[in-house]
**Q** 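Sharing a structure here in structure tokens format.
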Amino acid sequence: MTYHTRTPYQLAMALKDKRKTLELTQKEAGRKIGLLPKTISALETHPERCTLESLFKLISALDLEIELHEKSQEQKGEW
């Protein structure tokens with residue numbers, strides 16, 4: 001599955017969706033990567049407040065990766 005995210009909120013929803021697809025609780029996901037459940041919760045609700053290190057740990061634990069692309073002409077100027 002591909003997730004298109006352009007905002008912290010969209011990223012949070014993608015992370016939560018993937019975790020649930022894998023049938024992992026926040027506690028189980030955190031245990032896989034050495035993070036507390038409250039950190040997983042924060043990443044899924046306010047990723048802009050979390051460290052990049054925690055974010056990348058969760059992305060890896062969920063078997064995801066980040067890939068950057070240039071915006072299409074229609075999207076240019078959007079945040």
Side-chain angles (χ1 to χ4, degrees):
M1 168 161 255
T2 300
Y3 296 93
H4 296 279
T5 62
R6 293 182 184 89
T7 67
Y9 178 76
Q10 289 173 335
L11 177 59
M13 292 298 95
L15 294 173
K16 185 175 184 177
D17 180 65
K18 179 63 175 181
R19 178 181 58 78
K20 288 188 172 203
T21 298
L22 294 172
E23 298 180 354
L24 292 172
T25 65
Q26 290 178 340
K27 186 175 184 177
E28 292 167 333
R31 194 174 314 137
K32 280 182 77 169
I33 52 177
L35 295 176
L36 295 172
K38 69 179 184 177
T39 304
I40 304 301
S41 176
L43 284 162
E44 293 179 353
T45 56
H46 300 290
E48 71 280 2
R49 296 181 186 170
C50 298
T51 67
L52 284 175
E53 181 180 6
S54 294
L55 176 62
F56 275 90
K57 282 182 178 181
L58 181 56
I59 287 168
S60 179
L62 298 176
D63 297 321
L64 296 171
E65 66 183 4
I66 292 179
E67 192 171 304
L68 301 175
H69 298 274
E70 287 189 23
K71 290 181 177 180
S72 67
Q73 281 300 99
E74 299 83 38
Q75 296 169 329
K76 290 197 180 199
E78 290 180 20
W79 188 88

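All residue numbers in this chain count up from 1 along the given sequence.
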**Q** Assigning hydrophobic clusters by single linkage (Ile, Leu, Val, Met, Phe, Trp, Tyr; side-chain heavy-atom cutoff under 4.5 Å), is I59 placed with Y9?
**A** no
**Q** Set out, in order, the CA-CA distance, both residues' side-chain angles and the distance that settles side-chain contact (heavy atoms from CB on, under 4.5 Å) for M1 and T21, then state yes or no.
**A** CA-CA 11 Å; M1 168 161 255; T21 298; over 6 Å; no
**Q** Scan for salt bridge (Lys or Arg N to Asp or Glu O under 4.0 Å) pairs involving residues 45-69, sequence neighbours excluded, and state none if there are none.
**A** E53-K57
**Q** Measuring from atom NZ of K71 to atom NE2 of H69, what distance do you get when rounded to the nearest 0.5 angstrom?
**A** 14.0 Å
**Q** Between L58 and A29, which heavy-atom pair has the shortest distance, and what is it?
**A** CD1-CB, 4.4 Å
**Q** Between P8 and P47, what is the shortest heavy-atom contact and its length?
**A** O-CG, 3.1 Å
**Q** Supply the atom-to-atom distance Y3 OH to L15 CG, rounded to the nearest 0.5 angstrom.
**A** 9.0 Å
**Q** Return each pair, listed once, that meets salt bridge (Lys or Arg N to Asp or Glu O under 4.0 Å) where at least one residue sits in residues 10-24; pairs must be two or more places apart or across chains.
**A** R19-E44
**Q** In this structure, would M13 and L64 fall into the same cluster of hydrophobic residues linked by side-chain contacts under 4.5 Å?
**A** no
**Q** Mind listing the closest non-hydrogen atom pair of L43 and L55 along with its distance?
**A** CD2-CA, 3.8 Å
**Q** How many angstroms lie between atom CG of L35 and atom OG of S41, to the nearest 0.5 angstrom?
**A** 12.5 Å
**Q** If we only count heavy atoms from C-beta on, is the S60 to I33 side-chain gap below 4.5 Å?
**A** no
